[in-house]
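Following: one structure in structure tokens, then a few remarks.
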Protein chains: 2
Amino acid sequence: MDEHRMHRCIERKRDGGELSADDWHGIIGAFMEGAVDESQIAALCMACVWRGMSVEETYAVTEAMVSSGATITFDPNRGTVVDKHSSGGVGDIVSLAAVPLAAACGAHVAKLAGRALGHTGGTIDKLEAIPGFNATLSIEQFTQQVERVGCAIAAQSDAIVPADKRIYRLRDRTATIPELGLLASSIVSKKIAGGAHAFVFDVKAGAAAFMQDPAKAHQLAARLLELVARFGRRAIAFVTDMSEPLGRSIGTGLEVIEARDLLRGAGEGRALELIVRIAEAMVEECGLTDAPARCARALADGTAYTKFIEMVRAQHGDCAALESMHPGNGLEIRANSSGYVQAMDVVRLGHTARRLCARDSMGGLRMTARIGDRVEKGQALAHAFGRSREEAAHLGQAFAIGPAAVEPAPLIYERSISAIK
Amino acid sequence: MDEHRMHRCIERKRDGGELSADDWHGIIGAFMEGAVDESQIAALCMACVWRGMSVEETYAVTEAMVSSGATITFDPNRGTVVDKHSSGGVGDIVSLAAVPLAAACGAHVAKLAGRALGHTGGTIDKLEAIPGFNATLSIEQFTQQVERVGCAIAAQSDAIVPADKRIYRLRDRTATIPELGLLASSIVSKKIAGGAHAFVFDVKAGAAAFMQDPAKAHQLAARLLELVARFGRRAIAFVTDMSEPLGRSIGTGLEVIEARDLLRGAGEGRALELIVRIAEAMVEECGLTDAPARCARALADGTAYTKFIEMVRAQHGDCAALESMHPGNGLEIRANSSGYVQAMDVVRLGHTARRLCARDSMGGLRMTARIGDRVEKGQALAHAFGRSREEAAHLGQAFAIGPAAVEPAPLIYERSISAIK
């Protein structure tokens, strides 16, 4: 791929044409070698946002990205290994709880996770609220832990899909993130390189989601399933609500506490429901029968919690410290008026919680009110925690309260399964 | 303009919105200062190709580009100064001849010209085929010569509109050239900074033109007129044919010879017609009455030629050498079959002539046949000149000859005048 051929590729995309697999491999390869500069990639990405990308093109980009770095392999003869991915949410404790829950049911779970981005939390940041927890595993440590413990959650290493990291940053700077094919290739390349044989995707929809419109979230979910199938791997995709925080807690330590308590049997509401549904899908993907009954049993008999402790210990987390984690004193965030909670500014809640966490791993928010709740003026809607919790004093403004009763959005819009080609 | 604001500007353009004048000034300024990188400009340019640019946006970009460098000023009390611009053609000797012709009629002509680009020739390269000719004038030399001689043709200096040079190169690399507003701002910013009060634009249409479709060329012409009017200056725009070389000659020295001979009364055909029409427009723009009669007289009585010699001498060209310039021996390029000349691969003719010139300033092509001519197999269609003229031996392939008679395209599609706002 020289500059002249790159020029013709940009032109073809600009004019509504399709690039070949060979073109895409050439482009990604040349970019990584420095033979094609960032401005050409930026123009090409904008042309992709304009013209879209076919499934064939998306597959080619994904393949090229996977081959830009190291890949992990799990021997399929030792059992199906599953990974789980969320498109990013607020108060989203699913990974923390569903990974050990599915492992307690017999699934092998190899989860590569990311850090907080924008207003959304990151599973690695949350786990690192547990003193001593090590999320930086070598490929060998990661695969061995999955085999030995049944689950591991590790930070995405720089050695895996380095092309994605560079291209994603460039797209972020050049406002070329929102293109279905580029989004899907960024997600799937990391998952494929991570080595699992099956995947469960949780694509969020709603005001605080990357894809606000459920129809767009559906398109992304469908593209993820199609892509994974082309790699000969299995997947189930959910489209779930992100118009309010999923769980009660927003914040690294607070979410660990909520996940810990949920795994000990104190779960409730939407977070519990989604965790169970996603863990069931993970168990099902591993070819195990009777997933709902297995999950219910693992929660009821404490084996899910035991598996969580086992995973934390394997990754050098201080389990005594985990057991004794507690939030400290909360500051009440009160309703400015009486009525029904009609909507929340979840992006603002997410950003506030990230600020509170930044200074104190026990900082963050705990929600009392949910969308649809009747509240009276002065009643607590949430509590703020952490050393700088006073910052959150005016967060009542993040809640829209009105006279009309509203129904919360459905928790799960969709659950789809891929057909292997 | 920080990176965050730049990001919002790209997003707005991507989503079909319009940027404010303040945004555009900020973007160009920040780019020149290095605060905004090339990849962001590339993505923005591709979004402009996608969404188009309003006249207001085009004006703002043009203004911002003009203010990125030095500008030239002519005192309007000393007479209207006119400049002439072509969008680039093959065998296009208009500037060489129309500039002294208009000056001989009393117009003040301050022409800033470019170099050869792609298959098209550049006026500066042509003039430099005259031994000693100096196209690198300081702003002072340029303005003084216009005042003293009545005309000057100088190379665009790097000090004038430096933003255009950098952005054009970036657009060239990222396949974001073809956007009406960006094209118009690139052309008009250089013309406005060049200081003339009035302009004549020759926008080419046809197979060898930048805008092949006459309708697109019309749009560009209309945008140029509108932009110039917003700067409070006058303009006339032509849309003219470039489906065959304009004159008989293609090549730096050969075109100088053709222009020289035309100014001495030996002109004919389409080149003479367009030169006269454009010179008349330049004279008219300078507020002089009876432009057609003035031009006819200046050609007939030799004053146009005298003005040409005066300009060449003022720019240190060797006039004796100019007088004695001749092409040497030509190599016949013969028709491969009998019939009518239906089309020419003008891009190929242009590239071949540039190669022949590169080794010999008297290299190039001289056309015998024109579109619509009846030719017999083996008859000369053109002659190739220069030290490496053998290269052109197979150029008969560049002529499509068929049994059906064809009409050549009209020479002038359109002549429009701007309304000052």
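Every chain is numbered from 1, with letters handed out A, B, ... down the list of sequences.
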Review point. Is the backbone of B:A175 close enough, under 3.5 Å, to the side chain of A:R14 for a donor and an acceptor to pair up by distance?
Key: yes
Study note, to complete from the structure: Here the pair of heavy atoms bringing B:M46 nearest to A:I10 is CE-CG2, 3.5 Å
Practice item. Please say whether more than 12 non-hydrogen atoms of neighbouring residues, nucleotides or ligands are located less than 6.0 Å from CZ in A:R359. Key: no
Exercise for review: State, with a plain yes or no, whether a side-chain heavy atom of A:E3 is found less than 4.5 Å away from one of B:R173.
Suggested key: yes
Study note, to complete from the structure: Heavy atoms of B:A42 and A:A42 approach each other most closely as CB-CB, 4.4 Å
Point to revise | Taking every non-hydrogen atom, the tightest pair across A:T174 and B:S39 | key: CG2-O, 3.5 Å
Exercise for review: Quick one: which of B:H4, B:M6, B:H7 has the most heavy-atom pairs under 4.5 Å with chain A, could you say?
Suggested key: B:H7
